[in-house]
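Just so we're on the same page: letters track the sequence lines, and every chain starts at 1.
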There are 2 protein chains.
Amino acid sequence: MRIAELSRLSGVPAPTIKYYVRESLLPPGERTSRNQAQYGERHVTRLRLIRALLEVGGLSVAAVRDVVAALDSPATGTHKVLGAAQQTVTAVRVGGSHDEPEHLEAVAEIRDLIERQGWKVSEHSPALTAAADVLGALRQLGQDDFADQLDAYARAADAVAATDLEIVRERGDADAMAEAVILGNILGDALLAALRRLAQIHRSAELFE
Amino acid sequence: MRIAELSRLSGVPAPTIKYYVRESLLPPGERTSRNQAQYGERHVTRLRLIRALLEVGGLSVAAVRDVVAALDSPATGTHKVLGAAQQTVTAVRVGGSHDEPEHLEAVAEIRDLIERQGWKVSEHSPALTAAADVLGALRQLGQDDFADQLDAYARAADAVAATDLEIVRERGDADAMAEAVILGNILGDALLAALRRLAQIHRSAELFE
DNA sequence: CCACTCTCGATAGTTGGACTATCTATCATC
DNA sequence: GATGATAGATAGTCCAACTATCGAGAGTGG
């Protein structure tokens, strides 16, 4: 198909498709002449993925580039692939100063939590830093009772991760696994947030009616 | 204190503080003359909250304005306040077409889930729409095995909500409760996401080593 | 084979959000 | 009373994500 049909099928304007190709989110079509290219089913699928990551997942174009690059890179060892996929996903939102004593304290606190949960995680995992960032912010805002419930939240997170990994395990090849990790994390975060709101509404009504 | 000290204490540049006042994120200082105003401890606290919502929570300035407006509005009925706080928080990210048959199907699916979980939730809750959006995106991307694990995710979300409400219940007044709901949701989402990654790393190592 | 439409790729322009800079008429304070 | 800070207003900057235009070329119906 040509770009007009690709645009129609995906709902993405043609100039935007060109933009995505320029930004390496989408591979270019197969050239048939100087100014003609053919697009296939794969382009439609990829475009849907890109839009889902941008709109539902709230990622930036740069972050989407990293994600699709990870998906496209040839797999070498299942756990490695999952790790790479995770790095990509986690590194999406950071930005803060990481030298203050408060931050180091929060890091130590998360390390203790990891110990208590019996998790085995690298000391320098970006997820650890991210968790410490949030914890530090909560403490600085005087929300210590949240911080004190860390273990309860960690248990819930562990249950979620168990489900995640179950889904990943069922997948056949490494590519499908990486895809499951990435989509499960990015879209799964949004899904969990929404479900959490629903459960809150129910429980709050039950408690305060 | 004057604006220079407020800036020093909060780490926010003075022109940016003025900008926040213009955008109604921060109340203006108490005027002592035509070109002088006094700021207090409350301004420092509020600025920290604003920065946490912007940087850790990833909210837009407009969303922060809604959040602080909800915090400042006088409370009328505990459950009402929590509901308002939730609306504010959930309405943060939407944007999509809600008329297609796929979307209606996803909505029905979420309603079934709510039924199965025994949750009592309004038919038109924004959280329901948000969940349906994500579910629709997952199905459209061919990730049906995620969608099939909805109940497992819902159980985890319920456990999180139970902890959330426990924290809220311990708070004394309605203001503190609203604050707990808002911060717990916005920053809690980020915290849970990070903890989920940590648990995944552990479980993935266990499974594939 | 020719008018008309479409396409590619390059370049430039637009829009919105979040600041940041400058300016003026004041004040505070040494 | 010189120096420096301040409020408020206005305008400018910077970045991300598109969007518009253009020119040379290619496909296609009549």
Side-chain angles (χ1 to χ4, degrees), chain A residues 1-40 43-44 46-47 49-68 91-96, chain B residues 1-40 43 46-68 91-96:
Chain A
M1 75 186 78
R2 298 189 296 180
I3 201 170
E5 193 178 357
L6 178 60
S7 169
R8 202 177 47 72
L9 284 179
S10 62
V12 180
T16 305
I17 294 177
K18 290 181 182 181
Y19 167 65
Y20 289 159
V21 172
R22 281 202 300 282
E23 294 293 321
S24 309
L25 306 192
L26 190 69
E30 193 178 336
R31 300 296 295 278
T32 60
S33 59
R34 187 186 300 276
N35 68 339
Q36 295 285 290
Q38 284 294 107
Y39 301 91
H43 289 91
V44 181
R46 171 60 58 90
L47 264 177
L49 172 65
I50 292 170
R51 299 303 283 205
L53 293 177
L54 287 174
E55 289 171 9
V56 184
L59 298 200
S60 67
V61 165
V64 173
R65 175 169 43 234
D66 292 346
V67 170
V68 300
V92 161
R93 0 177 134 255
V94 196
Chain B
M1 75 187 77
R2 298 189 298 179
I3 199 168
E5 192 178 358
L6 178 59
S7 168
R8 203 178 45 71
L9 284 179
S10 62
V12 180
T16 304
I17 294 178
K18 291 182 181 182
Y19 166 66
Y20 290 160
V21 173
R22 282 202 302 281
E23 295 293 321
S24 309
L25 306 192
L26 190 70
E30 194 176 336
R31 299 296 295 278
T32 61
S33 60
R34 187 186 298 278
N35 68 339
Q36 296 285 289
Q38 284 294 110
Y39 302 90
H43 289 91
R46 172 59 60 90
L47 264 177
R48 272 205 269 269
L49 171 65
I50 292 170
R51 299 304 285 205
L53 293 178
L54 286 175
E55 288 171 9
V56 185
L59 297 201
S60 66
V61 166
V64 173
R65 174 169 44 232
D66 292 345
V67 170
V68 299
V92 160
R93 358 178 135 254
V94 196

Does [X] put a side-chain nitrogen or oxygen below 4.0 Å from OP1 or OP2 of [N]?
X       : N      : value
B:Thr16 : C:dT20 : yes
A:Tyr19 : C:dT11 : no
B:Tyr20 : C:dC19 : yes

Locate the shortest heavy-atom distance separating A:Leu25 from A:Ile50; write the atom from each residue and the value.
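Looks like O-CD1, 3.5 Å.
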Which pair of non-hydrogen atoms, one from A:Ser10 and one from A:Ile17, has the smallest distance, and what is that distance?
OG-CD1, 4.4 Å
Nearest-nucleotide check on DNA chain C, B:Pro13 vs A:Pro28; residue mapping nearer the 5' end is A:Pro28
Taking the nucleotide of DNA chain C with the nearest heavy atom to each, does B:Thr32 or B:Arg51 sit closer to the 5' end?
B:Arg51
Distance alone, cut at 3.5 Å: any donor-acceptor contact between the side chains of A:Arg65 and A:Tyr20?
no
Take atom [atom1] of [X] and atom [atom2] of [N], then tell me their distance rounded to the nearest Å.
X       : N      : atom1 : atom2 : answer
B:Ile50 : C:dG17 : CD1   : P     : 18 Å
A:Leu47 : D:dC18 : CG    : P     : 12 Å
A:Ile17 : D:dA17 : CD1   : P     : 17 Å
B:Glu55 : C:dG17 : CD    : C1'   : 15 Å
A:Asn35 : C:dT7  : CG    : P     : 10 Å
A:Arg34 : D:dG23 : CZ    : P     : 17 Å
A:Arg22 : C:dG9  : CZ    : P     : 11 Å
A:Ile3  : D:dG25 : CD1   : P     : 20 Å

Scan A:Arg2 against the nucleic acid and name what it touches under 4.0 Å (heavy atoms): base, sugar-phosphate only, or nothing.
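Answer is sugar-phosphate: A:Arg2 comes under 4.0 Å of backbone atoms only.
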Any base atoms under 4.0 Å from A:Ala4, or only sugar-phosphate, or nothing? Heavy atoms, all strands.
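It contacts sugar-phosphate atoms only.
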Can you tell me which nucleotide in C:dA28, C:dC8, D:dA7 comes closest to the side chain of B:Gln36?
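Nearest nucleotide to the side chain: C:dA28.
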Approximate separation, where rounding is to 0.5 Å, of A:Leu9 CG and A:His43 NE2:
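If we round to the nearest 0.5 Å, A:Leu9:CG and A:His43:NE2 are 13.0 Å apart.
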Using the closest heavy atom to pick a nucleotide of DNA chain D for each, name whichever of A:Pro15 or A:Ser33 lands nearer the 5' end.
A:Pro15
Would you call A:Arg2 and A:Glu5 a salt bridge, taking side-chain N to carboxylate O under 4.0 Å as the test?
no
